[in-house]
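Residues: numbered from 1 along the sequence shown.
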Amino acid sequence: MSDLNELISQVGWEKSEIVPVIVQSVDGEVLTLAYMNEEALRKTLETGYAHYYSRTQKRIRMKGEVSGNVQKVKEIKIDCDSDALLLIVEQVGVACHTGNRSCFYRKLGEPEREVGGIDYSLTVLRELEEVIKQRKENPKEGSYTSKLFKEGKEKIYKKFGEEAVEVLVAEERERIIYETADLLYHLLVLLAYNGISLGEVMKELRRRRR
């Protein structure tokens, strides 16, 4: 542990609690720019997988914790001023939420391009999970989510069952999409009620895949 602390202390945290991290693949391609605080760096060193600090969600997250597009860290370099890091990683899947391998897939002035129109990071689900968790821990007046938690297990399970039926009986394509969105929301509520994260479910799916 002392060696780990020594490595972490080499970063100039006194300059900033959050430092930029350039992420590069083992074949030399720049994949993304992220940020780390001390805890994120510690988790990265302990696990061998890249963990970053999300400035929007204000939490530590493992890259690919939901999508499975993890980054296996092969080497960590520090810049001459000790206030930026370079990660050399083995990228599993794609690095960008647009489905492109690198976040730097376009020149300045070129339009965004999503591969297949899919957010491969599943950021929307993760953000929704965070909101649901907040409504559980800090109930908000007028919030449907808070109301579900207040009414308890029977109501939450009943609503999930009802939404599942709505998906089954939906016939039109757009209706199926609409009802599936409702189902996913109520599933996240059900998981949060039981203290289960979406990341845990994704880990189980990856385990089965292997």
Side-chain angles (χ1 to χ4, degrees), residues 1-97 100-104 119-134 136-137 188 191-192 194-210:
M1 183 61 72
S2 59
D3 290 341
L4 194 62
N5 290 333
E6 185 178 343
L7 287 174
I8 295 171
S9 68
Q10 290 179 20
V11 180
W13 304 111
E14 69 281 357
K15 299 178 185 178
S16 175
E17 295 181 354
I18 303 171
V19 299
V21 181
I22 300 168
V23 186
Q24 179 179 310
S25 69
V26 290
D27 58 7
E29 182 179 14
V30 177
L31 298 175
T32 191
L33 171 68
Y35 297 86
M36 281 186 179
N37 58 8
E38 287 190 51
E39 183 183 354
L41 179 55
R42 182 179 299 278
K43 286 183 177 294
T44 298
L45 291 168
E46 288 176 343
T47 66
Y49 287 87
H51 285 70
Y52 302 119
Y53 177 77
S54 171
R55 295 175 298 167
T56 55
Q57 299 177 14
K58 300 188 184 308
R59 73 177 187 91
I60 308 299
R61 64 180 182 85
M62 184 181 83
K63 174 65 175 176
E65 64 183 3
V66 174
S67 66
N69 297 331
V70 297
Q71 294 173 339
K72 300 178 181 178
V73 179
K74 298 300 182 181
E75 189 176 3
I76 300 179
K77 296 184 178 182
I78 190 168
D79 82 330
C80 56
D81 294 321
S82 301
D83 57 6
L85 297 172
L86 170 66
L87 262 61
I88 309 299
V89 305
E90 179 185 325
Q91 177 67 51
V92 177
V94 299
C96 185
H97 73 277
N100 292 282
R101 175 171 167 77
S102 168
C103 291
F104 298 97
D119 184 341
Y120 282 88
S121 70
L122 300 184
T123 300
V124 173
L125 280 179
R126 189 64 190 84
E127 291 176 348
L128 178 56
E129 182 182 45
E130 280 297 310
V131 172
I132 290 171
K133 181 181 178 182
Q134 291 171 16
K136 178 186 178 183
E137 297 175 350
L188 289 176
L191 290 174
N194 289 285
I196 300 171
S197 71
L198 184 60
E200 291 177 272
V201 178
M202 295 301 105
K203 286 179 182 178
E204 173 61 18
L205 287 175
R206 286 198 292 275
R207 184 189 68 78
R208 297 183 187 186
R209 184 179 179 183
R210 295 191 188 101

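Glu39 contributes atom CD, which lies 12.5 Å from atom CD of Glu17 (distance to the nearest 0.5 angstrom). Here the straight-line distance linking atom NZ of Lys77 with atom CD1 of Ile22 works out to 11.5 Å at 0.5 Å rounding. Taking CD1 of Ile196 as the start and CG of Leu188 as the end, the distance is 11.5 Å to the nearest 0.5 Å. For the atom pair OH (Tyr35) and CZ (Arg55), the distance works out to 4.0 Å, reported to the nearest 0.5 Å. To the nearest 0.5 Å, atoms CG (Asn37) and OH (Tyr53) are separated by 6.5 Å. In this structure, Ser25 OG and Glu90 CD are separated by 10.5 Å, a value rounded to the nearest 0.5 Å.
Between Glu129 and Lys133, none of the side-chain N atoms (NZ, or NE/NH1/NH2) sits under 4.0 Å from a carboxylate O, so this pair counts as no salt bridge.
Of all heavy-atom pairs between Asp83 and Pro20, the closest is O-CD, 3.4 Å. Of all heavy-atom pairs between Ala95 and Leu31, the closest is CB-CB, 3.9 Å. Here the closest heavy-atom approach between residue Val11 and residue Glu14 is recorded as O-OE1, 4.3 Å. Cys103 and Thr32 get closest at one heavy-atom pair: SG-OG1, 3.3 Å. Across all their heavy atoms, Gln91 and Val70 have their closest contact at NE2-O, 3.6 Å. The two atoms that bring Ile132 and Ala192 nearest to each other are CG2-CB, 3.8 Å, heavy atoms only.
Taking the side chain as every heavy atom from C-beta outward, Arg42 and Leu4 approach each other to under 4.5 Å. Residues Val94 and Asn100 are not in side-chain contact: their nearest non-hydrogen atoms beyond the backbone lie 4.5 Å or more apart.
The residue from Lys43, Gln71, Arg59, Lys63 that alone fulfils the side chain to side chain donor-acceptor pair (under 3.5 Å) condition with Tyr52 is Gln71. Looking at Ile60, Leu87, Ile76 one by one, the single match for side-chain contact (heavy atoms from CB on, under 4.5 Å) with Met36 turns out to be Leu87.
Judged purely by atom type and a 3.5 angstrom limit, Ser16 has no side-chain atom pairing as donor or acceptor with the backbone of Val19.
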Checklist line | Intermediate values then yes/no, side-chain contact (heavy atoms from CB on, under 4.5 Å), Lys72 and Val92 | finding: CA-CA 8 Å; Lys72 300 178 181 178; Val92 177; 4.1 Å; yes
**Message:** If you apply the rule salt bridge (Lys or Arg N to Asp or Glu O under 4.0 Å), what do you find for Glu200 with Lys203, and how did you get there?
**Reply:** CA-CA 5 Å; Glu200 291 177 272; Lys203 286 179 182 178; over 6 Å; no
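When the shell of 6.0 Å around NZ of Lys15 is examined, it contains more than 12 heavy atoms from other residues, nucleotides or ligands.
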